[in-house]
Amino acid sequence: MRPSLLLGLVVALTAGAAETPVRPTKLADTGITLRYTKTFGEDADYAGSAPAFKDNGDGTVTDLLTGLVWQKADGGEMTWEKAKDYAKGLRLAGRADWRLPTSMELFALTNQGMHGPAMDTSVFTRSEARYWWTDSARADDPSRVWLVNSGGGIGAHAKTETISAGGDRPVHVRCVSGVSTSGKGPALKDNGDGTVTDQRTGLTWQKIGPAQAMTWEDALRYCETLKPSSRGAWRLPNIKELRSLSDDAKIRPSLDRKFFPEAKVANYWSSTTQSNRPSRAWLVEFETGLVTYAEKKEASQVLAVCGGVAVPGPKEKPEPDPKVLADSGKPGKDKSKKPKK
């Protein structure tokens, strides 16, 4: 074959591969069902895909949203290197394709409506773990690995922090089996109308958020008063949605500036309250992709999202519980048994 024809074939195949659509996967909801403020737009005001697990009775649990199969009981505390070897050699329930999970796969197991741990212990065996290993090192520092913590967050920690490496943190391993649906980061598409769609989740985002940082309450109001896009009404994203935009291969920011040209190395609010500290809300620090929290009265950046949830109509919005005060430290009523609007 002539070199010119060969080059053309390679280019055509590469272009075709680049245009292959990514099948969206549902993000598990956060588990938050309580309302903590009179201001509409917080996590519990929108119904996402409820976490759904099946105990297979053979030491494994299937995530019914993603199809991934997990160890029911984690494999115990060990170093990251040992964890990788452990996963490679694991033989459980007739499966030999066990691996360490990506950061988004493991973060999807968290339930921010629970704490100590923020995980459904009716299906996953409780352990002494405070952290669990992922397969991903921080983009700028291979000595730091992404860990999901028992409080419901995720951050990159030095590999030496685990007990087996001489540290004082019990970092355990929980392996997963199956083909990843979340990958290492989003699969973004610029819609040419000021919005960006993540083809992995089906969510559509503002391309450029407001320049001004704002309090959590103001962030809720800002998103709720935006003019709806052709893809739906805007809202403040929950913490799992917001973290899904972080790319583990990128740093400072971990948001892709090709698609979000004014992305800041800063904290961005989610709509998710920290359930055991209602004066705080979860956020993503897009310097690295860290999931942490801050007092709601502090100022952080905002990026609105649409799609992915049951969106309320203008006449269907639930009346706020008059007993709920934004920063009272007391949760509101559980709305989980009423239709999410």
Side-chain angles (χ1 to χ4, degrees), residues 15 18-27 39-43 45-49 104 182-272 281-287 289 291 299-314 317 341:
E19 294 172 2
T20 301
V22 176
R23 184 178 180 181
T25 186
K26 292 181 179 179
L27 285 176
T39 303
F40 186 82
E42 63 176 316
D43 193 332
D45 289 329
Y46 291 92
S49 299
M104 278 308 301
S182 61
K184 301 281 187 178
L188 302 173
K189 177 185 177 183
D190 192 322
N191 298 314
D193 60 359
T195 69
V196 175
T197 295
D198 181 359
Q199 298 173 93
R200 290 201 190 280
T201 63
L203 295 172
T204 296
W205 299 84
Q206 280 182 306
K207 183 172 182 174
I208 299 175
Q212 186 83 20
M214 60 189 77
T215 67
W216 185 74
E217 295 276 348
D218 285 343
L220 295 176
R221 296 186 188 98
Y222 165 81
C223 293
E224 289 295 322
T225 55
L226 283 173
K227 181 180 178 180
S229 75
S230 61
R231 293 167 176 81
W234 296 103
R235 58 188 171 81
L236 191 63
N238 70 40
I239 192 59
K240 288 186 179 179
E241 293 169 330
L242 188 58
R243 194 5 170 106
S244 72
L245 269 190
S246 186
D247 190 328
D248 285 350
K250 299 186 183 301
I251 202 83
R252 300 186 187 90
S254 61
L255 278 172
D256 191 337
R257 279 192 172 143
K258 176 182 176 181
F259 294 92
F260 301 98
E262 295 187 17
K264 295 178 172 59
V265 179
N267 294 337
Y268 282 71
W269 282 125
S270 82
S271 64
T272 309
W282 289 98
L283 56 80
V284 176
E285 175 254 88
F286 277 117
E287 178 180 7
V291 169
S300 291
Q301 299 297 138
V302 177
L303 201 63
V305 70
C306 64
V309 297
V311 182
K317 294 183 179 181
K341 310 296 187 177

Scanning both residues in full, the closest heavy-atom pair of Leu27 with Lys240 reads CD1-O, 4.1 Å

For Trp234, the ring-ring contact (aromatic ring centres under 6.0 Å, His included) test, sequence neighbours excluded, returns none

Side chain to side chain donor-acceptor pair (under 3.5 Å) filter on Ser270, not counting sequence neighbours, yields none

Smallest heavy-atom separation, Ala299 atom then Ala213 atom, equals CB-CB, 3.9 Å

Contacts of Ala281 meeting side chain to side chain contact (heavy atoms under 4.5 Å, CB included) (sequence neighbours excluded), chain-then-number -> Trp216, Trp269, Lys296

Rounded to the nearest 0.5 angstrom, the CG-OG distance for Asn191 and Ser230 is 7.5 Å

* Asked: Please walk me through it: do Asp193 and Arg231 pass side-chain contact (heavy atoms from CB on, under 4.5 Å)?
  -> CA-CA 11 Å; Asp193 60 359; Arg231 293 167 176 81; 2.7 Å; yes

Under the side-chain contact (heavy atoms from CB on, under 4.5 Å) criterion, do Thr39 and Arg221 qualify, and how do the steps go? CA-CA 7 Å; Thr39 303; Arg221 296 186 188 98; 3.5 Å; yes

Shortest non-hydrogen pair, Gly185 vs Arg200, comes out as O-NE, 2.6 Å

I'd like to check Pro237 versus Trp205 (side-chain heavy atoms, cut-off strictly below 4.5 Å). Are they in contact? yes

Residues at least two apart in sequence or cross-chain that pass side chain to side chain donor-acceptor pair (under 3.5 Å) with Arg252, listed by chain then number, are Asp140, Glu287

Looking only at heavy atoms, the pair that brings Leu303 and Gly209 closest together is CD1-N, 3.7 Å

Between the OG atom in Ser271 and the CD atom in Glu224, the distance rounded to the nearest 0.5 Å is 9.5 Å

Residues at least two apart in sequence or cross-chain that pass side chain to side chain donor-acceptor pair (under 3.5 Å) with Asp190, listed by chain then number, are Lys207

Show me the donor-acceptor pairs, under 3.5 Å and distance only, between side chains in residues 259-267 and residues at least two apart or in other chains.
none

Pair Tyr46-Leu236, side-chain contact (heavy atoms from CB on, under 4.5 Å): steps then yes or no: CA-CA 10 Å; Tyr46 291 92; Leu236 191 63; over 6 Å; no

*Has the side chain of Arg243 got a donor or acceptor atom that lies under 3.5 Å from a matching backbone atom of Gly289?*
yes

So OG1 of Thr225 and CG of Leu220: to nearest 0.5 Å the spacing works out to 10.5 Å

Scanning both residues in full, the closest heavy-atom pair of Ala211 with Gln301 reads O-NE2, 3.6 Å

Rounding to 0.5 Å, atoms CG (Leu283) and CG (Leu242) come to a distance of 8.5 Å

Those residues at least two apart in sequence (or on a different chain) that pass side chain to side chain donor-acceptor pair (under 3.5 Å) with Ser246 are Ser254

One should read off an interatomic distance between Thr272 OG1 and Glu42 CD, to the nearest 0.5 angstrom, of 9.5 Å

In this structure, CG of Leu203 is separated from OG1 of Thr195 (nearest 0.5 Å) by 12.0 Å

Residue set satisfying salt bridge (charged side-chain N to carboxylate O under 4.0 Å, His left out) with Asp247, at least two apart, ordered chain then number -> none

For Lys258, the side chain to side chain contact (heavy atoms under 4.5 Å, CB included) test, sequence neighbours excluded, returns Asp256

Practice prompt. Start with the C-alpha gap between Val305 and Arg235, add the side-chain angles, then the distance that decides, and say whether side-chain contact (heavy atoms from CB on, under 4.5 Å) holds.
Written response: CA-CA 6 Å; Val305 70; Arg235 58 188 171 81; 3.8 Å; yes

